[in-house]
2 protein chains.
Amino acid sequence: MATLIRRGLVHEGLSADVATTGEEAIDAAADADVDVIVLDVMLPGIDGFETCRRLRSAGVWAPVLMLSARDAVEDRVAGLDAGGDDYLVKPFAFTELLARLRALTRRGGNDRAAPLCVGDLRLDPATREVMRGSIPVILSATEFALLETFMRRPGEVLSRLHLLDNAWDVAYENRSNVVDVYVGRLRRKIDEPFGRCSLETVRGAGYRLRP
Amino acid sequence: MATLIRRGLVHEGLSADVATTGEEAIDAAADADVDVIVLDVMLPGIDGFETCRRLRSAGVWAPVLMLSARDAVEDRVAGLDAGGDDYLVKPFAFTELLARLRALTRRGGNDRAAPLCVGDLRLDPATREVMRGSIPVILSATEFALLETFMRRPGEVLSRLHLLDNAWDVAYENRSNVVDVYVGRLRRKIDEPFGRCSLETVRGAGYRLRP
DNA sequence: ATGACGCTGTCACGTCCTTGTCATCCGTGC
DNA sequence: GCACGGATGACAAGGACGTGACAGCGTCAT
């Protein structure tokens, strides 16, 4: 069935990858940047619902269209609850699958605050999680706000004043070196443990996050 | 809001009519042969609940999705009692509205709102039952509303303000620590007896329900 | 009526973390 | 060597959070 669908999609000029188990799908979706996922409920090993849940908790927010042979109400509800965006019952017309996939991709996924990524640094404003690669980093509120400011303008040199305006509540007028101190604290958490150097000092101008 | 939803639905290739009052909605639904009704609770004149009841007694059996600005328990119960088939709390993702409308139109019958599951926590808005695994948990009204707010956005960090807006009826002055107190009470019921730690504190930001 | 009881929101207090400042140290350009 | 901008360790003050106690309120059975 998966191969059949894949052949049909390729025939439409789209590209598609096939995974035969839930684990495989999660790995593939985490690696590749997929636009939409077609997920059969009946899978060897972990089933489609669980796969969908794990995809979501793995940070994959691509729309999921669930395929099921059964038309039971519980299945549909379970599918939607597991984080599915649409539900199609087998047997179906291939044109309908296409139409639904088009509808799903047109919407551009769930409107959830998108995580910011710069290199292997990832910052999720919604969950307030920060990851260097696959290792979570614990930041305080101010450190988080500062890093977010940097990640919204990767590569740009940001002045101390700009950083103060964006990561601190009130604009400090006085000659404070808070920014310097916090850049140092940030470096100690996101760079030093990993031997990196993403936060650069630009003498006389400010700091920049290397893209 | 109604115009916004209508535009979104039309964009999906569906057709939609807008009514701005309860009376208008009843007249329109009685004339046209509608598939599903989206009904805001807050309406000028007769409110959403009463509108729903009158729709039913007028012989309109199309599924009704109630829209509520607040997540108050009373609203939900009232909405379901008035003959609503599902309810959605503002603000919501448009994709979720679509998914629920699809689910409503696909099934012909009247099903109640689907239970929410996060890990082995289960919360059924319709029956007001909460289970940790297979063990039922007894919650007060406020505790229930708070937990439901968390379970609608698992993994996300929710600010005290967001929690107040969604689980409490009126907006409190932010000097109060009700949220802290109730998070504590919730922890004592859903976490401590089970040695879990699903409700995390995010210093300087709020709380989050671990997915 | 009355008392018991549970729910709700407030408050005070203790603990621990965060925050911003300061003094000092370091490297670079003159 | 010297001046300057930046880095860093130490630290005090304040803030954020958790918790127990408590009063007001409504419900319910007596």
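Lettering follows sequence order; numbering is per chain, from 1.
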Q. In terms of side-chain heavy atoms of Asn177(A), which of dC22(C), dC7(C), dC11(C) is nearest?
A.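 Between dC22(C), dC7(C), dC11(C), the one nearest the side chain of Asn177(A) would be dC22(C).
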Q) For the side chain of Ser176(B), counting heavy atoms from C-beta on, which of dT10(C), dG20(C), dG9(C) is nearest? A)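 Within the option list, the nearest is dT10(C).
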Q. Any idea which heavy atoms bring Ser134(A) and Met131(A) closest together, and the distance?
A.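 Nearest pair, atom of Ser134(A) first, then Met131(A): O-CE, 3.6 Å.
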Q. Can you find a side chain N or O atom of Trp168(A) that sits less than 4.0 Å from OP1 or OP2 on dG20(C)?
A.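 Yes, within the criterion.
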(Q) Counting only side-chain nitrogens and oxygens, does Ser140(B) get under 4.0 Å of the OP1 or OP2 atom of dT8(C)? (A)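 The answer is yes; a side-chain N or O of Ser140(B) sits under 4.0 Å from OP1 or OP2.
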**Q.** Between dT21(C) (P) and Arg185(A) (CZ): distance, integer Å
**A.**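 Whole-Å distance recorded here is 11 Å.
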Q: Nearest whole angstrom, please: distance from the C1' of dT10(C) to the CG of Asp180(B).
A: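 After rounding, the gap between these two atoms is 12 Å.
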Suppose we screen for side chain to side chain contact (heavy atoms under 4.5 Å, CB included). Which residues come up paired with [X], at least two apart in sequence or across chains?
X	answer
Ala141(A)	Arg128(A)
Ala145(A)	Ala167(A)
Asn177(A)	Asp180(A), Val181(A)

Q) Heavy-atom contacts under 4.0 Å between residues 204-211 of chain B and DNA chain D, which residues? A)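 Heavy-atom contacts with DNA chain D come from Gly204(B), Tyr207(B).
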Q) Under 6.0 Å from the CZ atom of Arg132(B), do we count more than 12 heavy atoms belonging to anything else shown? A)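 Yes, CZ of Arg132(B) has more than 12 neighbouring heavy atoms, counting only those of other groups under 6.0 Å.
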Salt bridge (Lys or Arg N to Asp or Glu O under 4.0 Å) partners for [X], two or more places apart:
X	answer
Arg122(B)	none
Arg203(B)	none
Arg185(A)	none
Asp47(A)	none

Q: Could you pull out all residues at least two apart from Tyr207(A) that satisfy ring pair (Phe, Tyr, Trp, His ring centres under 6.0 Å)?
A: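 Checked Tyr207(A) against ring pair (Phe, Tyr, Trp, His ring centres under 6.0 Å); zero matches.
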Q: Spell out protein contact along nucleotides 25-30 of chain C as letters: B when the base is contacted, S when just the sugar-phosphate is, - when no protein heavy atom is under 4.0 Å; keep the 5' to 3' order.
A: --B---
Q.
Please identify the 5'-most and 3'-most nucleotides of DNA chain D with any atom under 4.0 angstrom from a heavy atom of chain B.
A.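 Listing 5' to 3', DNA chain D meets chain B from dA16(D) to dG20(D).
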**Q.** Contacts of type side-chain hydrogen bond (donor to acceptor under 3.5 Å, both in side chains), residue Thr20(B), not counting sequence neighbours
**A.**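 For Thr20(B) the side-chain hydrogen bond (donor to acceptor under 3.5 Å, both in side chains) partners, ignoring immediate neighbours, are Glu24(B).
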